[in-house]
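In what follows, chains are A, B, ... by sequence order, proteins preceding strands, each numbered from 1. Note that the structure is predicted; figures quoted are calculated from it, not measured.
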Amino acid sequence: GRQDVSEASGLVNRVVTHLIQAVRGRDGSFSSIEKLGAGSYYEHVKISEPNEFDIMLVMPVTRLQLDECDDTGAYYYLTFKRNPKEKYLNRFLDEDGKLSAFKMLEGLRRIIKEEVKHIKDTEVTVKRKKPGSPAITLQINKPPAEISVDIILALEVQQSWPPSTQDGLKIECWLGRKVRRDFRYRPVYLVAKQNKKEKLLRGNTWRLSFSHIEKDMLNNHGSIKTCCESDGVKCCRKDCLKLLKYLLERLKMKHAKELEKFCSYHVKTAFFHSCVAWPSDTDWKYENLEHCFQKYLEYFLHCLQDSQLPHFFIPRYNLLSLDDKASNDFLSRQINYQLNNGFPVFHQV
DNA sequence: TGGTGCTATACAAG
DNA sequence: CTTGTATAGCACCA
């Protein structure tokens, strides 16, 4: 309830501000780090109790050279272009001059692990590292329940988006050309995410992140500027997204193993494509929630059947590989069953 | 003088 | 009502 949200967010904010202060002060490396709330909680599309938070810690850097490390267009090796003043990051460079995501994440993790001990009145622990994951996960013990906070390290660089994004973000018909142009002037974010397909697993790859743009699109999702404002017309876009998130979450609970490849990002990506396919606010009238949800769901089913869901910002990067055809078919069958039987999982608790 | 960091304030979203 | 975020004003310091 409201009380829980308040308690949880208060607790998370106290812990996170404490950690940010410590990380900034500790040594030169992370002195200009900034907080950015990301993920469902901050996008107002959280479906369950507020027990999961995503916090991006953003490091501004100047002039990076991005080299694609595979054909997805999402993963990059990073090097500093001609001497920037980023001397304080030298200790995170590999032998070949590449900025190491692993080393940087370890540096941040070490400070956080140390600092967590100094937080009074709250029991905070740093969870074991998952290989290749960009997150440092905190667990906050709040007696009846537990809150987990994913801290994601991101680099922010004010330069043009890489070529792989050229034909992505096709929002002209939905949000407009000017909005697209403005988005593309916003900085590039790179998160310390290891590419599993990388030949040598040295952990120095980075992945593009568009969390800042996604958050903006969700909070400003109307074709008409006044969409969902208090004196405007309410639409059902966010409710549709929440419903499919909830459906996937429930199905994942029932079939954890078979559905392990799927995450809410698939659902979110399909959502943005649906917003483009049905760009007008009248396509998402609040009264038509059921019909809209069904169209969105059918779109997602098509993606699964074709094993084809392009990343919204990097069109050549397919999030549903043919290699996982069996998983895609499994989820498609599960969703079809739900669709044809009045969504039984929504009623089971 | 300009950069930095804290606080107050306004306003959006639910 | 609550929380989150952007911004303006202010003191501080090199």
Side-chain angles (χ1 to χ4, degrees), chain A residues 1-62 84-88 115 122 138 140 142 145 147-152 154 156 158 175 179 182-183 185-187 189 209-246 264 268 271-272 275 281 284-287 289 292:
Chain A
R2 202 196 300 267
Q3 187 67 26
D4 301 330
V5 177
S6 176
E7 272 182 46
S9 66
L11 206 50
V12 168
N13 285 335
R14 265 188 289 133
V15 168
V16 170
T17 44
H18 180 116
L19 291 177
I20 288 177
Q21 297 298 356
V23 166
R24 281 191 188 144
R26 187 58 72 93
D27 55 34
S29 311
F30 298 107
S31 60
S32 39
I33 217 153
E34 293 285 345
K35 174 189 144 166
L36 183 101
S40 334
Y41 175 78
Y42 298 98
E43 290 167 347
H44 310 286
V45 288
K46 188 102 192 79
I47 43 184
S48 46
E49 322 86 85
N51 52 4
E52 281 171 31
F53 293 79
D54 294 313
I55 307 280
M56 258 186 166
L57 292 190
V58 179
M59 272 279 295
V61 296
T62 53
K85 42 185 182 171
E86 259 98 25
K87 280 239 176 65
Y88 53 90
E115 198 54 42
T122 315
L138 305 179
I140 302 177
K142 178 179 155 276
I147 303 170
S148 92
V149 180
D150 276 358
I151 294 181
I152 314 282
E156 178 193 77
Q158 189 52 256
L175 299 172
V179 171
D182 290 345
F183 279 158
Y185 279 130
R186 306 266 289 272
Y189 282 54
S209 163
F210 299 93
S211 295
H212 52 320
I213 311 291
E214 290 160 12
K215 184 172 167 181
D216 232 67
M217 289 197 294
L218 279 166
N219 285 331
N220 218 327
H221 56 253
S223 185
I224 304 286
K225 282 196 179 65
T226 53
C227 183
C228 289
E229 284 185 358
S230 52
D231 48 357
V233 180
K234 178 121 183 62
C235 83
C236 65
R237 287 182 181 88
K238 281 188 170 188
D239 299 276
C240 286
L241 174 58
K242 282 198 227 177
L243 279 174
L244 190 45
K245 276 171 69 102
Y246 184 64
S264 61
K268 195 183 187 184
F271 171 76
F272 288 134
C275 286
D281 294 345
W284 299 87
K285 283 189 181 157
Y286 191 68
E287 318 84 77
L289 172 63
C292 295

- prompt: Does A:Glu34 pair with A:Arg24 as a salt bridge, N-O distance under 4.0 Å?
  reply: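 Yes.
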
Could you tell me the separation between the [atom1] atom of [X] and the [atom2] atom of [N], rounded to a whole number of Å?
X	N	atom1	atom2	value
A:Glu34	B:dG5	CD	C1'	10 Å
A:Gln21	B:dT4	CD	P	16 Å
A:Gln3	C:dC1	CD	P	16 Å
A:Lys225	B:dA12	NZ	P	15 Å
A:Arg24	B:dG3	CZ	P	18 Å
A:Asp216	B:dA13	CG	P	11 Å

query: Heavy atoms under 4.0 Å, any strand shown: does A:Lys238 hit a base, just sugar-phosphate, or nothing?
result: sugar-phosphate

message: With a 3.5 Å distance limit and no angle check, can you tell me whether A:His221 reaches the backbone of A:Cys228 through a side-chain donor-acceptor pair?
response: no

task: Mark yes or no for whether A:Asp281, through its side chain, and A:Ser223, through its backbone, hold a donor-acceptor pair below 3.5 Å.
output: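 Answer holds: yes.
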
message: For A:Phe183, give me all partners under ring pair (Phe, Tyr, Trp, His ring centres under 6.0 Å), at least two apart in sequence or on another chain.
response: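 Residues passing ring pair (Phe, Tyr, Trp, His ring centres under 6.0 Å) with A:Phe183: none at all.
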
message: Using 0.5 Å steps for rounding, measure from the CG atom of A:Leu138 to the CD1 atom of A:Ile151.
response: 4.0 Å

Phosphate-side-chain proximity, A:Lys46 and B:dG14, N/O vs OP1/OP2 below 4.0 Å: no

- line: Per-nucleotide protein contact along nucleotides 2-14 of chain C, 5' to 3', at a 4.0 Å heavy-atom cut-off (B base, S sugar-phosphate only, - neither), is SSSS---------

query: What are the two closest non-hydrogen atoms of A:His44 and A:Lys242, and how far apart are they?
result: O-CE, 3.7 Å

